[in-house]
Structure formats: C-alpha cells, structure tokens
Amino acid sequence: MPLLEIKNLQLEFGSKDQPLRAVDGVSFAIDAGETVCLVGESGCGKSVTALSIARLVPTPPARYVGGEILLNGRDVLKMNPSELRKIRGGVVSYIFQDPSASLNPVFRVGNQIKESLKLHRPEKANDAEVIRLLKLVGIPAPESRLKDYPHQLSGGMQQRIMIAMALASEPKLLIADEPTTALDVTIQAQILELLLDLKKRLGMAMLLITHNLGIVSDIADRLAVMYAGQIVETASAADLLRRPLHPYTRALMNSVPSLRGDRQRLETIGGTVPSPGNWPKGCRFFPRCPNAAQHPECGEKMPELIEVEPNRWVRCLYANELRQTAS
C-alpha cells in the first residue's frame with residue numbers, strides 16, 4: 001500500500017454558480033521512501049495540490065468536490081480537526097519556497113524549532129535536540145546559531161532552519177514546495193543535495209514541487225508533469241527525462257538550458273498557462289501545442305490519461321503515436 005495515494009482529486013474556488021476548478025482529477029501515489037517530483041509552470045496547480053494533502057487550503061474559499069487523499073490508507077478529506085492536527089507536521093511536513101516569509105522575525109530560530117518539537121515530540125523539546133537538528137542540516141556553530149534571529153542568517157541558512165523545523169517531528173512524508181526558488185544557483189545545489197542526503201538517512205518519502213526539470217534528474221525516482229490542473233504525463237524519472245512523450249513535457253525539456261554542445265538560442269513555450277476560468281474546451285495544452293495545426297480535433301475532445309507502457313501514463317489523443325516516434 002502506498003504511503004500517499006491521491007485519487008481523482010478535484011478542488012474548486014469561486015462560487016458554486018461559477019466554479020473555478022484549480023485541481024481537476026489529479027491522481028498519483030508515493031511509496032514509503034520514494035521521491036516524486038511534481039513539475040510544471042507557475043499556475044498549473046502544483047502548490048494547491050501539495051497543500052491539499054494535509055488539507056491546508058482554507059475552506060472556504062476552496063471546496064473539495066471530489067476524489068480521495070489516502071494517507072496510510074485513511075482519507076484525509078474525511079478526517080476531523082483533531083485528526084488533521086496529528087498528521088500536520090506529525091506525518092506530513094512542509095518546506096516552503098520563501099524561508100524569510102515563513103520564519104517569524106521576532107523569535108529566535110532555536111525557539112521556533114523548539115515550538116515544533118513541543119507540538120509533536122514534547123519529550124525532546126530542549127536545546128540539545130535543537131542543536132542536533134541544526135547539525136543534521138549542516139548549520140555551522142549550532143550552539144550559537146540557535147540564538148540568532150532570522151534576519152541574521154543568509155537565505156540558504158534560513159532554508160536550512162526551515163528544513164530542521166520540518167524534520168523536528170520526524171515526518172513520514174516531506175513536501176518541499178519550490179524550496180530553492182529564492183536562492184542562488186550554488187545554494188540551490190547545496191539544498192537539493194542536503195534534501196537527498198536526509199531522505200536517504202532518515203528513510204522519508206518526499207514530494208518535490210518545481211517548475212525546473214533541470215534540477216530533478218539526481219533527486220527524483222518518479223516524475224509527474226502537471227498542466228492546467230491535470231497530470232499530463234507520469235513515469236520513472238530516468239525514462240521520462242530520456243524519452244519525454246507529451247508535447248508539454250517535451251517543451252519543458254527543450255526550455256532547460258544546456259552546457260553541452262553548440263550554443264543555441266533557448267527555446268520557449270509560446271503563450272501562458274490558461275486560468276481555471278478560461279480553460280480550452282478540448283486538450284488544455286492545445287492553444288500552445290506545436291502539433292495543433294496537424295490535429296485540430298484536439299481542440300474539441302478532452303484526452304484521457306492512458307497507460308501507454310507499464311507505469312507510463314500520458315494525457316494525449318495521440319499518446320501511442322508519440323510513443324512510437326520517440327522509440
């Protein structure tokens with residue numbers, strides 16, 4: 001049984017008369033100890049999907065209108081407030097993209113980590129455990145750093161503090177939502193290497209949210225590509241990166257800068273992600289798809305997510321043809 005299994009999740013905003021379906025039939029699973037990366041442009045619904053796992057999207061304004069979120073076999077959507085408090089942090093922990101906005105500026109970082117310990121492991125809510133966690137995430141001189149305020153730390157150090165807070169409760173699933181967005185390239189690599197090392201040492205499962213396919217090759221076991229509230233392709237990381245099938249996945253791959261070969265102009269994806277209230281009638285990628293001119297019928301018919309190979313799923317009317325041309 002997977003640690004996490006999301007089945008046909010549907011989440012809406014707006015009024016019931018004019019609903020805006022931000023997450024539309026999303027399904028994927030994460031096994032214990034596995035790393036899954038959810039990839040897509042900004043506005044695709046990645047963060048809303050991630051927040052839904054612990055029901056952190058406020059209701060209202062949101063409404064969960066369908067599907068299941070099974071965590072250790074129990075549906076999160078049917079849990080009462082007391083049960084939700086136990087899984088938030090205790091089973092599922094989050095790392096968000098801007099640590100300076102997540103840390104409280106008026107409390108010392110050691111006290112903020114200790115607060116997480118008090119909620120989930122009160123017997124360990126002491127300086128010794130805080131220092132151990134700071135050492136675990138690579139903070140130098142942790143005995144003095146626990147007395148610092150967030151503004152006294154660099155962006156990379158602040159993100160390490162956030163990781164320490166997330167690990168304080170010893171979660172089974174760590175959700176990292178764009179954890180390197182606000183950091184420079186060198187610090188990004190350090191944070192990703194740290195997450196990978198901690199995942200192996202602690203045996204956690206991890207869901208990494210990102211818009212950058214260039215950073216996932218060394219960290220992901222499986223990839224799920226999301227577009228306009230839907231999963232459009234999912235496969236093992238090695239297979240998907242070697243042989244992307246969906247036109248959107250191919251476009252994302254082509255827009256990643258490369259240091260190999262001759263210097264070429266960076267490719268871009270024309271247009272923007274449609275908003276939930278303005279989705280196309282058929283395939284949601286149709287207005288931006290390079291194959292649209294050859295297949296006008298894609299603009300009228302919504303494609304299903306079909307299994308084209310064992311454990312390889314693609315949402316495209318011409319998924320099998322794409323598989324054959326990519327072989």
Side-chain angles (χ1 to χ4, degrees), residues 2-9 23-50 52-53 95 97 173-181 188-189 191-193 195-196 199-200 204-258 267 269 273 283-285 288-289 303-316 319 322-323 326-327:
L3 171 64
L4 171 71
E5 188 174 10
I6 298 178
K7 297 181 178 180
N8 195 33
L9 179 63
V23 178
D24 191 14
V26 166
S27 300
F28 64 90
I30 303 176
D31 293 328
E34 183 182 34
T35 298
V36 173
C37 285
L38 190 58
V39 183
E41 294 170 275
S42 297
C44 286
K46 307 184 302 298
S47 293
V48 174
T49 300
S52 298
I53 292 171
I95 304 169
Q97 52 183 294
L173 174 62
L174 181 65
I175 299 176
D177 187 358
E178 303 273 12
T180 62
T181 295
Q188 282 185 18
I191 295 297
L192 289 172
E193 185 177 353
L195 289 174
L196 183 60
K199 178 238 175 184
K200 290 178 179 178
M204 298 180 300
M206 185 162 65
L207 176 63
L208 176 64
I209 313 295
T210 183
H211 62 271
N212 185 358
L213 275 170
I215 69 173
V216 303
S217 58
D218 294 328
I219 198 169
D221 298 310
R222 285 190 299 117
L223 293 180
V225 181
M226 194 167 184
Y227 184 79
Q230 297 177 328
I231 299 294
V232 297
E233 184 169 3
T234 180
S236 69
D239 195 20
L240 189 144
L241 293 173
R242 178 179 58 86
R243 193 170 53 102
L245 297 184
H246 194 280
Y248 179 60
T249 311
R250 293 181 177 181
L252 285 178
M253 291 286 292
N254 291 335
S255 64
V256 176
S258 176
E267 294 188 30
I269 308 174
V273 180
C283 172
R284 291 178 184 169
F285 188 58
R288 308 172 72 191
C289 182
E304 298 291 331
L305 190 65
I306 63 171
E307 189 173 19
V308 296
E309 297 171 358
N311 298 317
R312 182 77 184 259
W313 298 76
V314 180
R315 187 185 297 275
C316 182
L322 292 170
R323 180 178 63 85
S327 298

[X] [atom1] to [Y] [atom2] distance, which is reported to the nearest 0.5 Å:
X: Phe285; Y: Ile269; atom1: CZ; atom2: CD1; value: 5.5 Å
X: Met226; Y: His211; atom1: CE; atom2: NE2; value: 16.0 Å
X: Lys200; Y: Met206; atom1: NZ; atom2: CE; value: 10.5 Å
X: Leu208; Y: Ile219; atom1: CG; atom2: CD1; value: 5.5 Å
X: Ile175; Y: Ile95; atom1: CD1; atom2: CD1; value: 10.0 Å
X: Leu245; Y: Cys316; atom1: CG; atom2: SG; value: 9.5 Å

If I compare all heavy atoms of [X] with all of [Y], which pair ends up nearest, and what's the gap?
X: Ala319; Y: Val308; result: CB-CG1, 3.6 Å
X: Gly25; Y: Asn8; result: CA-OD1, 3.1 Å
X: Leu3; Y: Ala32; result: CB-N, 3.9 Å
X: Ser255; Y: Leu252; result: OG-O, 2.8 Å
X: Ile231; Y: Ala224; result: CD1-CB, 4.1 Å
X: Gly43; Y: Val273; result: O-CG1, 3.8 Å

Please confirm whether the backbone N or O of [Y] pairs with a side-chain atom of [X], one donor and one acceptor, at under 3.5 Å?
X: Thr49; Y: Gly45; value: yes
X: Thr210; Y: Glu178; value: no
X: Lys46; Y: Gly40; value: yes
X: Asp177; Y: Gln97; value: no
X: Arg222; Y: Ala29; value: yes

Is any side-chain heavy atom of [X] less than 4.5 Å from a side-chain heavy atom of [Y]?
X: Asn311; Y: Asp239; result: no
X: Val36; Y: Leu4; result: no
X: Ile6; Y: Ser27; result: no
X: Thr35; Y: Lys199; result: yes

- Stepwise side-chain contact (heavy atoms from CB on, under 4.5 Å) test for Leu223 and Thr249: CA-CA 11 Å; Leu223 293 180; Thr249 311; over 6 Å; no
- Message: What verdict does the side-chain contact (heavy atoms from CB on, under 4.5 Å) test give for Asp218 and Leu192, after you've listed the backbone C-alpha separation in whole Å, the side-chain angles of each residue and the deciding distance to 0.1 Å?
- Response: CA-CA 9 Å; Asp218 294 328; Leu192 289 172; over 6 Å; no
- Item | Derivation and outcome, salt bridge (charged side-chain N to carboxylate O under 4.0 Å, His left out), residues Arg312 and Glu233 | CA-CA 8 Å; Arg312 182 77 184 259; Glu233 184 169 3; 2.6 Å; yes
- Message: If you count heavy atoms of other groups shown closer than 6.0 angstrom to CD of Glu307, is the number above 12?
- Response: yes
- Message: Name the residue from Glu41, Arg288, Arg284, Arg315 that meets the side chain to side chain donor-acceptor pair (under 3.5 Å) definition with Tyr248.
- Response: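 For Tyr248, the side chain to side chain donor-acceptor pair (under 3.5 Å) test succeeds with only one of Glu41, Arg288, Arg284, Arg315, which is Glu41.
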